[in-house]
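Have a look at the structure below before the remarks.
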2 protein chains.
Amino acid sequence: MSDRPSGAKAGLTREKVLDAALDYIDAHGLPALSMRKLGAQLGVEAMSLYRHVPNKDALLDGLVDRVMQTAFGDLGEPVGGWAPWVRDFAHALRSALLAHPGVLPLAATRPVNSPEALRMSERWLAAMRTAGLPLGTALDLVNVIATFTIGHTLAEVGQTPGHEGTEPDLDQRAGELDPAEFPNLTEVIATRAGLDFDSRFTQAIDIIVAGYAAQAGV
Amino acid sequence: MSDRPSGAKAGLTREKVLDAALDYIDAHGLPALSMRKLGAQLGVEAMSLYRHVPNKDALLDGLVDRVMQTAFGDLGEPVGGWAPWVRDFAHALRSALLAHPGVLPLAATRPVNSPEALRMSERWLAAMRTAGLPLGTALDLVNVIATFTIGHTLAEVGQTPGHEGTEPDLDQRAGELDPAEFPNLTEVIATRAGLDFDSRFTQAIDIIVAGYAAQAGV
DNA sequence: CGAGTATTGCTTACGCTGTAAGCATCGTCA
DNA sequence: TGACGATGCTTACAGCGTAAGCAATACTCG
């Protein structure tokens with residue numbers, strides 16, 4: 001069944017499997033990913049993957065972990081005060097999630113509890129604390145920023161033509177919209193007021209950070 | 001195969017199918033839902049469901065639509081100014097989502113584009129506008145509130161023992177936590193500072209609403 | 001170098017999934 | 001009474017995740 005010279009190993013590793021899975025999801029979307037197809041992409045049978053990954057769920061967890069770490073990894077130390085650092089984190093997280101839209105539903109659903117994730121959380125809290133934020137406030141802030149970013153990005157990739165044009169979005173059904181019944185929605189389409197994801201996200205993050213800054217009195 | 005008196009109809013309707021699906025997900029979790037099991041719950045074969053629902057995806061969309069409408073439906077007119085109305089909406093949405101945690105991943109993933117959803121959006125915009133908010137700001141606000149609420153609620157049900165104890169959460173692995181390596185996390189566990197979902201959500205919503213109020217100069 | 005062992009991938013198989021196609025039986029109306 | 005549309009059942013198929021066992025390689029030690 002294999003087209004390798006009968007006996008030669010493909011040299012799989014957990015990393016290669018994760019890489020291939022990420023590529024496959026980016027190319028064909030999350031629902032299309034199956035162990036058989038992933039194996040085929042690697043020139044290998046499905047069951048061979050199970051030597052490197054305990055099961056499909058663990059594989060997906062690994063993908064989430066990897067994507068999340070790219071967001072944290074790009075961040076340095078909070079030299080210019082905690083506020084800009086938190087804003088940078090939010091934008092880095094959004095970029096990381098947008099880079100792999102297929103993984104986003106997974107990231108939204110599965111809590112990451114890997115040792116690396118714990119280390120990142122610890123780093124977060126330590127940085128915020130040395131910058132003068134109380135511990136509870138710091139934890140609240142990171143959670144609010146992260147959950148908002150995930151929620152916002154979910155809406156963003158769900159609304160854009162993204163990976164599969166299943167449902168017509170607001171723009172596409174603008175023509176069918178009765179201006180008499182939906183005057184405000186019609187005006188939204190016409191003026192495009194409030195339809196810019198980038199500026200909306202930036203503004204909301206600014207508001208959140210400013211709000212916590214005011215509350216912490218910093 | 002059926003235990004009905006051979007020929008008697010079960011009297012299915014789309015509504016009954018959706019009801020049963022919601023019940024089943026609440027009881028056994030989203031991944032456990034299959035057309036066969038849902039049919040069994042209704043005393044019917046799987047294929048019978050397809051007379052009332054085009055396919056499983058449409059069924060899931062219907063569930064999201066239904067849950068979302070409960071959040072909007074409970075809301076009256078914004079009599080006391082738009083700010084408390086928006087806060088009420090946020091809390092109502094969170095309650096509606098928490099009431100059916102199994103549907104939450106669906107609600108987060110599938111954009112709702114049903115005519116009812118459009119009507120609700122129109123109502124939202126109209127109410128905010130008559131309360132003095134510019135159109136673009138109103139749309140930004142509703143989107144920020146909705147996406148944050150979804151993101152926050154996702155984290156909430158993902159972290160709590162919820163429906164299936166798959167992964168140990170922070171509390172459960174508190175014992176394995178090395179206080180030397182994770183001083184801040186250890187302190188979080190001990191003091192429970194920043195671990196209250198209710199107050200965190202309320203506070204964040206207050207901050208967001210206040211921020212948009214300040215920006216709109218209202 | 002040869003022998004033993006651990007690692008890796010393949011084969012087969014099972015129960016489950018969503019759903020297409022066609023049939024049987026019902027309640028309703030002419 | 002007869003025809004008809006609506007409803008549910010039966011059968012079937014391709015695909016899924018993965019458990020169990022086998023074959024062949026690469027590595028380690030004498």
Side-chain angles (χ1 to χ4, degrees), chain A residues 1-21 24-25 27-64 102-103 105-106 109-110 164 166, chain B residues 1-22 24-25 27-64 102-103 105-106 109-110 164 166-167:
Chain A
M1 194 65 80
S2 167
D3 40 3
R4 240 168 300 108
S6 171
K9 297 301 171 66
L12 289 189
T13 64
R14 183 188 144 91
E15 295 311 304
K16 284 186 189 174
V17 172
L18 288 181
D19 281 343
Y24 195 92
I25 290 178
H28 307 98
L30 177 60
L33 179 72
S34 78
M35 297 304 273
R36 283 174 233 260
K37 292 185 201 156
L38 179 55
Q41 170 126 335
L42 287 160
V44 140
E45 294 300 314
M47 288 311 293
S48 304
L49 303 173
Y50 285 84
R51 295 280 169 191
H52 306 273
V53 156
N55 53 52
K56 190 183 183 182
D57 247 43
L59 187 155
L60 299 180
D61 281 336
L63 292 184
V64 174
V103 186
L106 303 175
T109 303
R110 314 176 170 246
E164 43 184 352
T166 54
Chain B
M1 193 67 79
S2 166
D3 40 3
R4 242 168 297 108
S6 171
K9 296 302 169 67
L12 288 189
T13 64
R14 182 188 145 91
E15 295 310 305
K16 285 186 189 172
V17 171
L18 288 181
D19 281 344
L22 205 50
Y24 195 93
I25 291 178
H28 306 97
L30 177 60
L33 178 72
S34 79
M35 298 302 274
R36 282 174 236 260
K37 293 185 201 155
L38 179 55
Q41 170 127 336
L42 287 160
V44 139
E45 293 300 315
M47 289 311 294
S48 304
L49 303 172
Y50 285 85
R51 295 281 169 192
H52 306 273
V53 155
N55 52 52
K56 190 182 183 183
D57 247 43
L59 187 153
L60 300 180
D61 281 336
L63 293 184
V64 173
V103 186
L106 303 174
T109 304
R110 323 184 160 237
E164 43 183 351
T166 55
E167 288 269 331

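In what follows, chains are A, B, ... by sequence order, proteins preceding strands, each numbered from 1. Side-chain atoms are counted along with the backbone in the values below, which use heavy atoms only and exclude waters and symmetry mates.
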Margin query: Donor-acceptor check, side chain of A:Lys56 to backbone of A:Met35, threshold 3.5 angstrom: yes or no?
Written below: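 No, the answer is negative, given that no donor and acceptor are paired below the 3.5 Å cut-off.
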Note to self: Tell me every residue that passes ring-ring contact (aromatic ring centres under 6.0 Å, His included) with A:Tyr50, counting only those two or more places apart in sequence or in another chain.
What the structure shows: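 Testing A:Tyr50 for ring-ring contact (aromatic ring centres under 6.0 Å, His included), a comparison that skips the adjacent residues, returns none.
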[X] [atom1] to [N] [atom2]: how many Å, rounded?
| X | N | atom1 | atom2 | result |
| --- | --- | --- | --- | --- |
| A:Leu49 | D:dC16 | CG | P | 13 Å |
| A:Tyr50 | D:dA20 | OH | P | 13 Å |
| B:Met35 | C:dA20 | CE | P | 10 Å |
| A:Arg51 | D:dG21 | CZ | P | 12 Å |
| A:Lys37 | D:dG15 | NZ | P | 9 Å |
| A:Lys16 | C:dT8 | NZ | C1' | 13 Å |
| A:Met47 | C:dT7 | CE | P | 18 Å |
| A:Glu45 | C:dC10 | CD | P | 5 Å |

Item checked: Distance test, side-chain N/O of A:Ser48 to OP1/OP2 of C:dC10, below 4.0 Å ->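 For C:dC10, OP1/OP2 do have a side-chain N/O of A:Ser48 under 4.0 Å.
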Next item on the list: Please report the closest heavy-atom contact between B:Ala20 and B:Gln41, naming both atoms and the distance.
Entry: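 Looking at all heavy atoms of both residues, the closest pair is O-NE2, 3.9 Å.
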Note to self: Apply side chain to side chain contact (heavy atoms under 4.5 Å, CB included) to residues B:Leu42 and B:Leu49 and explain how you reach the verdict.
What the structure shows: CA-CA 9 Å; B:Leu42 287 160; B:Leu49 303 172; 3.9 Å; yes
Notebook entry, point to check: Of the nucleotides C:dC10, C:dT19, D:dG8, which one has an atom closest to the side chain of A:Val44?
Noted result: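 Given the options C:dC10, C:dT19, D:dG8, the side chain of A:Val44 is closest to C:dC10.
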Check: So which nucleotide from D:dG17, D:dG21, D:dG8 ends up closest to the side chain of A:Ser34?
Finding: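 Shortest atom-to-atom distance from the side chain points to D:dG17.
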Notebook entry, point to check: Taking it one step at a time, do A:Leu60 and A:Arg110 satisfy side chain to side chain contact (heavy atoms under 4.5 Å, CB included)?
Noted result: CA-CA 9 Å; A:Leu60 299 180; A:Arg110 314 176 170 246; 3.6 Å; yes
Item checked: Separation between CG of A:Leu106 and CG of A:Leu30, rounded to the nearest 0.5 Å ->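 Those atoms lie 5.0 Å apart.
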Checklist line | Partner of B:Val44 by side-chain contact (heavy atoms from CB on, under 4.5 Å), out of B:Val17, B:Leu12, B:Leu38 | finding: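 Result for side-chain contact (heavy atoms from CB on, under 4.5 Å) with B:Val44: B:Leu12.
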Note to self: Just to be sure I understand the geometry, which residues of residues 52-59 of chain B put a non-hydrogen atom under 4.0 Å away from DNA chain C?
What the structure shows: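 Heavy-atom cutoff 4.0 Å gives B:Asn55, B:Lys56.
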Notebook entry, point to check: Given that B:Thr13 and B:Arg36 both sit by DNA chain D, which one's nearest nucleotide is further toward the 5' end?
Noted result: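 Looking at the nearest nucleotide for each, B:Thr13 comes out on the 5' side.
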